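I have placed the structure first, in the form of structure tokens, so that the comments after it can refer back to it.
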Amino acid sequence: MRDVVIVGGGLAGLMNALQLAKAGLDVLLIERKTYPFHRVCGEYISNEVIPFLQSLNAYPEQLRPVAIRHFMLSACSGRYSSAPLDLGGFGISRYAFDHFLFEKAGQAGADFLLNTQVQDITYQHDSFQISLPQAEQVTAKIVIGAYGKRARLDKQLNRPFIRQHSPYIGVKYHIKTDFPEDYIALHNFQGGYCGISRVENGIYNLCYLGSRSSLRQYGSIQAMEETVLCKNPFLKKIFQEAEFLFDKPEVINEISFAPKKPVEHHILMSGDTAGLITPLCGNGMAMALHSAKLLSDLIIQRFHSQHFDRTSLEREYARRWRQQFSTRLWVGRHTQKLFGSRYTSEIGVQLFKSVPPLARQIMKRTHGQPF
Ligand SMILES: Cc1cc2nc3c(=O)[nH]c(=O)nc-3n(C[C@H](O)[C@H](O)[C@H](O)COP(=O)(O)OP(=O)(O)OC[C@H]3O[C@@H](n4cnc5c(N)ncnc54)[C@H](O)[C@@H]3O)c2cc1C
């Protein structure tokens, strides 16, 4: 039996694997895909993660992350405002960063099963059975659910949020364009918003949260971009002039920001599986890394104690998770209401321009302290 099986190898799963393996636990991470691969994400990471990454020798200096220090917000009309970012962040592609962490976790002693989709997880007699394709099974004392925003497993586990349909889609490109290297911009359009910021190798990430109803109405991603996104003059310029580097965009459906629970069926949820913050906050990756730290610290502390007390571990993790993240998720959900409409995006930009302390407060409340 494994000490810990981690289901899903995004940032949360990989950092749990790295920390737990370094602490000497027998860890297996199961990931549906094979590294490296692209995923839908704005690829801007808040600097709050740097001390944690450095403490595990996992800050990806050699991948040349790009420092980002300024923020710009535009309304659907193109009216805009900009400001320095208090804490700032860095840009790095998930293609490179996840692969880098995968190698680090492997060097620390974590085992990996790649190209393998977990089918089901059941808990019985104080241990877990993890079902894999072809009727294979793995058993574990602890299971970490780090399988992202929404997966078939959520249905299997009958998690309540999965019953609500979500109106959002996510689309990502890598492009070459003319844009200041140390800026991140969020451009509103009817039904969503689109971020642009630099990653490594002179490439820019262009990623947006759009609406399924727009996609249905216009019939294709390209038609929706031409008809809806390009009404914002900043986006029109990007879509007309940039060099697009993917053959086709990365797309995901049904992105849900509904509240979830950090522990369900005794599975300890980490990263987006425990809760997804709205992307406008640019804090999902930092939260995924931070939740991995909270969880792994607790597991390491409790695992080798003479009487492993699962109930107390679960209770304490849920308490720390809520204390750290609940307010951020709430503020993110409510701030998102100012985005994606002609009228409210104008108000948002106006507030941002005329009441800078308010904008600062929102940023502060959707971000954490360096950890
Ligand atoms: C449009 C958009 C833009 C965003 N932009 C930003 C941004 O700029 N900055 C930021 O900080 N955050 C951003 N985020 C949020 C950020 O991408 C996530 O919070 C982050 O990726 C969470 O990492 P994770 O490890 O929890 O999940 P993921 O990175 O999604 O990893 C989950 C993994 O689990 C695997 N998996 C799923 N099911 C199974 C299964 N059954 N068996 C095995 N493996 C499985 C998947 O293949 C995947 O690799 C954005 C999100 C969206 C939607």
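Start at 1 with the first residue, then count along the sequence. We count ligands from 1, going down the list as the structure has it; atoms in each ligand are counted the same way. All values reported here derive from a predicted model rather than from experimental measurement. In what follows, every heavy atom counts, from backbone to side chain, and hydrogens, waters and symmetry copies are set aside.
For ligand 1, none of its N or O atoms has an N or O atom of T273 under 3.5 Å away. Between L153 and ligand 1, a contact under 3.5 Å exists for no N or O pair. Distances between N or O atoms of G284 and those of ligand 1 include at least one value under 3.5 Å. At least one N or O atom of R32 sits closer than 3.5 Å to an N or O atom of ligand 1.
Applying the 4.0 Å criterion to heavy atoms of G271 picks out, from ligand 1, the atoms 26 (O). Near M285, meaning under 4.0 Å from any of its heavy atoms, are these atoms of ligand 1: 9 (N), 10 (C), 11 (O), 12 (N), 19 (O).
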Could you walk me through whether F257 and Y168 satisfy the ring pair (Phe, Tyr, Trp, His ring centres under 6.0 Å) test, starting with their C-alpha distance in whole Å, then the side-chain angles of each, then the deciding distance to 0.1 Å, before giving a yes or no?
CA-CA 10 Å; F257 305 106; Y168 298 109; 5.4 Å; yes
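Atom 41 (N) of ligand 1 has V118 O, 3.1 Å as its closest protein atom, hydrogens excluded (heavy atom only). Of all protein heavy atoms, the one lying nearest to atom 9 (N) of ligand 1 is Y44 O, 2.8 Å.
Taking the six-membered ring where the residue is Trp, the centroids of H290 and F325 are separated by under 6.0 Å. When ring centroids are compared, H265 and Y123 stay outside the 6.0 Å threshold. Taking the six-membered ring where the residue is Trp, the centroids of F246 and H38 are separated by under 6.0 Å. Here F102 and Y35 bring their ring centres to under 6.0 angstrom of each other.
Closest to atom 20 (C) of ligand 1 by heavy atom, among Q119, M287, R94, is R94. Nearest to atom 22 (C) of ligand 1 by heavy atom, out of D272, I121, L132, is D272.
Not a single heavy atom of G195 sits closer than 4.0 Å to an atom of ligand 1. Within the structure, the closest approach of F37 to ligand 1 falls below 4.0 Å when heavy atoms are considered.
Counting non-hydrogen atoms of other residues, nucleotides and ligands closer than 6.0 Å to CZ of R79 gives a total of 12 or fewer.
Neither the backbone nor the side chain of S197 has a heavy atom within less than 4.0 Å of ligand 1. At a heavy-atom distance under 4.0 Å, only backbone atoms of T116 (N, CA, C or O) approach ligand 1.
Ion pairing between D182 and R198 fails under the 4.0 Å rule for side-chain N and carboxylate O.
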